[in-house]
Amino acid sequence: MKKIRVRFAPSPTGPLHIGGVRTALYNYLLARKEGGTFILRIEDTDRTRFVTGAEAYIKEALSWFGMVPEEGPDQGGAYGPYRQSERKERYREQVQMLLEKGKAYRAFDTPEEIAAMKEAWQAKGVHSPKYDAVTRQSMRNSLTLSPSEVEELVASGAPHVVRLLVDPGREVAFEDEIRGEVRFSTSELDDKVLLKGDGMPTYHLANVVDDYHMKITHVIRGEEWLSSTPHHVLLYEAFGWRAEMPVFAHLPLILKPSGKGKLSKRDGAKFGFPVFPMDWEAEDGTHYLGFREAGFLPSAVINFLAFLGWNPGGEQEIFTMEELVEVFTPQNIVKSGARFDYDKALWFNQQHIMKCTVEELYEMVKDRVQSAYGVLDAPYVKEIIPLMQERIKTLNEFVPSTRFFFTEDWAYEAKMIRKKWKEDSPRHLKALKDVLQGLDPFEAPAIEAMVRDFIQENALSFGAIMPLLRIGLTGTMKGPDLYKSMEIIGRERSIQRLERALEAFPAIKAGGQHPG
RNA sequence: GGCCCGUUCGUCUAUCGGUUAGGACAUCGGGUUUUCAUCCCGGAAAGAGGGGUUCGAUUCCCCUACGGGCUACCA
């Protein structure tokens, strides 16, 4: 069997959208699974929408996810260059070939003339007039103008485009891997522009020419391309490449979590979650939140995205990239669009955090700790990590929920103090503090045994002691195992905190009206 | 409007003619725990509608409805 070659072909018009990441992922997965080649091609043919930094962003995102292409602008390869703006000559040559074969023609109409044409035909009762077999005869192109006129216009440098000559009245059919056979009537197709007035190719031309020259075997792309695929098929035919035409697979779109339409870049801000891999500052100053900065693991985003519109059929949901490669089959891609579900993304992230080793998590969390507290004590942080793994959904939660391990600068949750601080409390807490003072070693099992004994000997309940102890030591009722926490905080700080609590709690109890 | 694609719990999905329609997220209830989280147990929750085909349709076909995409010298 022929070696598989797939490409991810984004336009550098802004940050890579999460839908684009999923397209890249499915391409990558197929390539890896079949031992094929994953290629990155930059489709920068629209000079008006070009955004500086977008290409770098795309590459960084791919690399963050671990989807590094084997061929691409940076990697090179036998079929380069991999940036369409650097391939202009090829497109021009290929278009010349089409022109000579009579499969394409030059059109000199201005946008205004085309708009006028559409209006005129609409007035005549044509539902959706387009530049096609019924209208092109009344336009200014190399089909209607005399050869000498055309020659003159071209020689004088008159701006014009090259259009594909679509013959009406026949059917174009192709097999889509996901949807089965799809048919279109060529009578519904317009004469697509192939070469723009500025000499740049359109997507349709560049895409087909490049896929052919780069020996692409499978085109896996978003569903928004399904409608233009018949044009692409026609182009392969016009070039005489029908036998080498790649297999098409059109992916369902990712939809907004609520409401209508596909997920757009504005939805992130609107719904309060990231829709981009990483942060991005737009030229107009708009800030777009990234999954990375929101505290997501790349493996979790990949896992989440893989399952939006695909699933391996079994009960397992948590997969590493390697495992996904193992089980991925394009046949299991779903046909219908999938709604973006942020809660599920958080769940995947939590699951992946739980699966991490301490070392892995340390690497992901150290910069956050460093910038929050200015110092970084690696062994100390690594002691804390296991305690937090199953109680944070994002990496960003690590710092705020471990504050009491790193600083004395935090407030008491007053509500519980008011509820639990009774007449006997000071005496008990003080006694407990004294026993702790003499405890050796100051380690979780010993602390736990001691506290249990203390409660039993004084005929107390856990509820009378533990909440006060926890609040006094950590300030909050939420948190990891208290005994282990005390071990990490250490005897000295624990004692100091209890002394501080002994002083502060009565006042908090008295000032009952203060909000928690 | 036209063309194309789609339609199973709120959401992501399994089912490839015969199932009590399964799982996951979210949600609700209970248990474990010093708290939170994790974990465990349990509940509620779905085949858009109408016609066919068939002994039998969620599954195959048609129609309608609804949703989505495209309809640019954007990709």
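Naming: A, B, ... by sequence-line order, numbering from 1 per chain. Hydrogens, waters and symmetry mates play no part in the numbers below; they use all other heavy atoms, side chains included.
In terms of phosphate contacts, N311(A) brings no side-chain nitrogen or oxygen within less than 4.0 Å of OP1 or OP2 of A24(B).
Ring planes of F291(A) and F340(A): tilted class, angle from 30 to 60°. Taking the six-membered ring where the residue is Trp, F307(A) and F319(A) present tilted rings, their angle falling between 30° and 60°. Classification of the Y342(A)-F273(A) ring pair by plane angle, with boundaries at 30° and 60°, yields parallel.
Within the shown strands, G31(B) is the pairing partner of C39(B) under the Watson-Crick or G-U definition, both distances less than 3.5 Å. With a cut-off of 3.5 Å on both pairing distances, the Watson-Crick or G-U wobble partner of C3(B) is G69(B). Within the shown strands, nothing qualifies as a pairing partner of C16(B) under the Watson-Crick or G-U definition with both distances less than 3.5 Å. Both distances falling under 3.5 Å, in either a Watson-Crick or a G-U wobble arrangement, occur for no nucleotide opposite U8(B).
Counting to the nearest Å, the C1' atom of C5(B) and the CZ atom of F248(A) are 16 Å from each other. The CD1-P distance, from I254(A) to G67(B), rounds to 21 Å in whole Å. Distance, K415(A) NZ to U35(B) C1': 13 Å, rounded to whole Å. In this structure, E188(A) places its CD atom 6 Å from P of C3(B), rounding to the nearest Å. Atom CG in L234(A) sits about 16 Å away from atom P in C4(B), given to the nearest Å. Atom NE2 of H352(A) and atom C1' of U38(B) are 17 Å apart (whole Å). A26(B) atom P lies 15 Å from atom CZ of F340(A), rounded to whole Å. Counting to the nearest Å, the P atom of C5(B) and the CD atom of E177(A) are 16 Å from each other.
Candidate nucleotides A37(B), C39(B), A26(B) were compared by shortest atom distance to the side chain of Q351(A), and C39(B) ranks first. Picking from G6(B), C36(B), C3(B) the nucleotide with the shortest atom distance to the side chain of K335(A) gives G6(B).
Residues E55(A) and R83(A) are in side-chain contact: their nearest non-hydrogen atoms beyond the backbone lie under 4.5 Å apart. Side-chain contact between W310(A) and P330(A): absent, with no pair of heavy atoms (C-beta onward) separated by less than 4.5 Å.
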Are any protein N/O atoms closer than 3.5 Å to N/O atoms in nucleotides 32-34 of chain B? If there are, list each pair with its distance.
from   : atom 1 : to      : atom 2 : distance (Å)
U34(B) : O2     : R470(A) : NE     : 3.3
U34(B) : N3     : R470(A) : NH2    : 3.2
U34(B) : O4     : D481(A) : OD1    : 2.7
U34(B) : O4     : L482(A) : N      : 3.0

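Residue order along RNA chain B, read from the 5' end via each residue's closest nucleotide, puts F307(A) first among F307(A) and G479(A). Each of D341(A) and Q350(A) was matched to the nucleotide of RNA chain B holding its nearest heavy atom; the match closer to the 5' end belongs to D341(A).
Ion pairing between D267(A) and K265(A) fails under the 4.0 Å rule for side-chain N and carboxylate O. Under the 4.0 Å criterion applied to side-chain N and carboxylate O atoms, R49(A) and D46(A) are assigned as salt-bridge partners.
For the C1' atoms, the distance from G52(B) to U20(B) is 29 Å, rounded to whole Å. Nucleotides C39(B) and A45(B) have their C1' atoms positioned 24 Å apart, rounded to a whole Å. For the C1' atoms, the distance linking G47(B) with G6(B) amounts to 15 Å, nearest Å.
Residue I302(A) forms a side chain to side chain contact (heavy atoms under 4.5 Å, CB included) with just one option from T320(A), L297(A), L25(A), and that option is L25(A).
Judged by a 6.0 Å distance limit and a 45° cone about the ring axis, R41(A) is not positioned over the six-membered ring of F8(A).
Judged by atom type and distance alone, K344(A) reaches the base of A24(B) through a side-chain donor-acceptor pair under 3.5 Å. Between the side chain of R339(A) and the base of C12(B) there is no donor-acceptor pair of N/O atoms closer than 3.5 Å.
Within the 4.0 angstrom heavy-atom criterion, only backbone atoms of the sugar-phosphate kind lie near V182(A); the bases stay farther away.
A distance of 8.0 Å separates CD of Q84(A) from CE of M200(A), quoted to the nearest 0.5 Å.
Side-chain polar atoms of H352(A) and E360(A) form no donor-acceptor pair below 3.5 angstrom.
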Heavy-atom protein contacts under 4.0 Å, nucleotides 69-75 of chain B, coded B base, S sugar-phosphate only, - none: BS-SBBB
